Amino acid sequence: MKRLSWIWIAALWLIVGTACGTRKHAERNRNIPDRNAEATQPARNKDRAAIVNYAENFLGVRYVYGGTDPKRGFDCSGLVQYVYHHFGIMVPRTTKQYAGFGKRISIKQVKPADLLLFSLYDDYKTIGHIGIVSKVSGDRIWFIHAASKKVMISELEGVHVRRLKFITRVIE
């Protein structure tokens with residue numbers, strides 16, 4: 001009986017404790033071809049609007065830890081990688097791998113299709129979440145991301161501003 005209780009506790013921990021923004025990150029990539037390709041430089045001449053429009057196709061897709069495809073679900077970095085891969089742009093699989101990737105830009109330079117990198121909720125020093133800028137209007141910024149339940153659009157405000165670590169430009 002005790003063993004069964006521990007199995008349920010472990011299963012519950014895996015379900016609740018493994019969302020983007022926690023200390024655990026998926027390091028695997030099952031569904032993206034060329035997953036081991038080195039991604040180091042920003043791509044050129046890609047249509048920003050097409051990238052955002054493609055990402056919007058996945059609004060409402062469920063959040064799945066380690067998820068890399070729309071049929072099973074996405075985690076935050078799985079969504080970003082899936083969208084950019086569709087356009088032939090190789091990007092890292094996990095949020096931590098973005099630390100040295102792309103070109104860092106200021107918030108005043110942000111454009112649709114740039115990437116917002118956020119800290120973990122419980123550790124503001126560690127990268128733990130990512131989203132694709134979908135709209136910029138004056139000082140307001142919206143982004144598409146796979147959060148704890150589904151792919152959604154959020155405005156960069158409140159807790160998101162406090163957690164914002166940096167912005168990366170992947171396409172010129």
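Only heavy atoms go into these numbers, but all of them, side chains included; no hydrogens, no water, no symmetry mates. These figures come from a predicted structure and were not determined experimentally.
No continuous path of hydrophobic side-chain contacts links Y98 to I167 [ILVMFWY only; heavy atoms under 4.5 Å]. V61 is connected to Y84 through a chain of hydrophobic side-chain contacts under 4.5 Å among Ile, Leu, Val, Met, Phe, Trp and Tyr, so both are in one cluster. Using a 4.5 Å cut-off between side-chain heavy atoms of Ile, Leu, Val, Met, Phe, Trp and Tyr, with links allowed through other members, I127 and I105 fall into different hydrophobic clusters. Under the 4.5 Å side-chain contact rule for hydrophobic residues, L117 and F74 share a cluster. One hydrophobic cluster holds both Y54 and V170 under the rule that ILVMFWY side chains link at heavy-atom gaps under 4.5 Å.
Among residues two or more places apart in sequence or in another chain, the side-chain contact (heavy atoms from CB on, under 4.5 Å) test is passed with Y124 by S119, R163. Residues satisfying the side-chain contact (heavy atoms from CB on, under 4.5 Å) criterion with K135, sequence neighbours excluded, are S137, W142. With sequence neighbours excluded, no residue forms a salt bridge (Lys or Arg N to Asp or Glu O under 4.0 Å) with E56.
Summarising the geometry of I132 relative to A55, their closest heavy-atom pair is CD1-CB, 4.2 Å, with the distance given to 0.1 Å. Minimum interatomic distance between C76 and G128 (heavy atoms only, all atoms of both residues): SG-O, 4.3 Å. Between K125 and K165, the closest heavy-atom pair is O-NZ, 3.3 Å.
Atom-to-atom distance recorded for E157:CD and R140:CZ is 7.5 Å, nearest 0.5 angstrom. To the nearest 0.5 angstrom, T95 atom OG1 is 7.0 Å from L120 atom CG. From L79, atom CG reaches atom NZ of K150 across 14.0 Å, with rounding to the nearest 0.5 Å. The CZ atom of F87 sits 12.5 Å away from atom CZ of R48, with the distance rounded to the nearest 0.5 Å. Interatomic distance, Y121 OH to R162 CZ, rounded to the nearest 0.5 Å: 10.0 Å. Rounding to the nearest 0.5 angstrom, the gap separating the CD1 atom in I171 from the CG atom in D47 is 7.5 Å.
Remark: the backbone N or O of G102 is not paired with any side-chain donor or acceptor of R169 at under 3.5 angstrom. Between the side chain of R72 and the main chain of R62, no donor-acceptor pair closer than 3.5 Å is present.
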side-chain contact (heavy atoms from CB on, under 4.5 Å) evaluation trace for I144 with V83: CA-CA 11 Å; I144 300 170; V83 168; over 6 Å; no
Worked check of side-chain contact (heavy atoms from CB on, under 4.5 Å) between D75 and R93: CA-CA 10 Å; D75 69 6; R93 171 60 190 98; 3.1 Å; yes
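Contact of the V110 side chain with the L156 side chain is not registered, since no non-hydrogen atoms from C-beta on lie closer than 4.5 Å.
A salt bridge does not link K103 to D114: none of the charged side-chain nitrogens sits closer than 4.0 Å to a carboxylate oxygen.
Aromatic ring pairs are classed by plane angle as parallel below 30°, tilted from 30° to 60° and perpendicular above 60°; the pair H129 and H145 is perpendicular.
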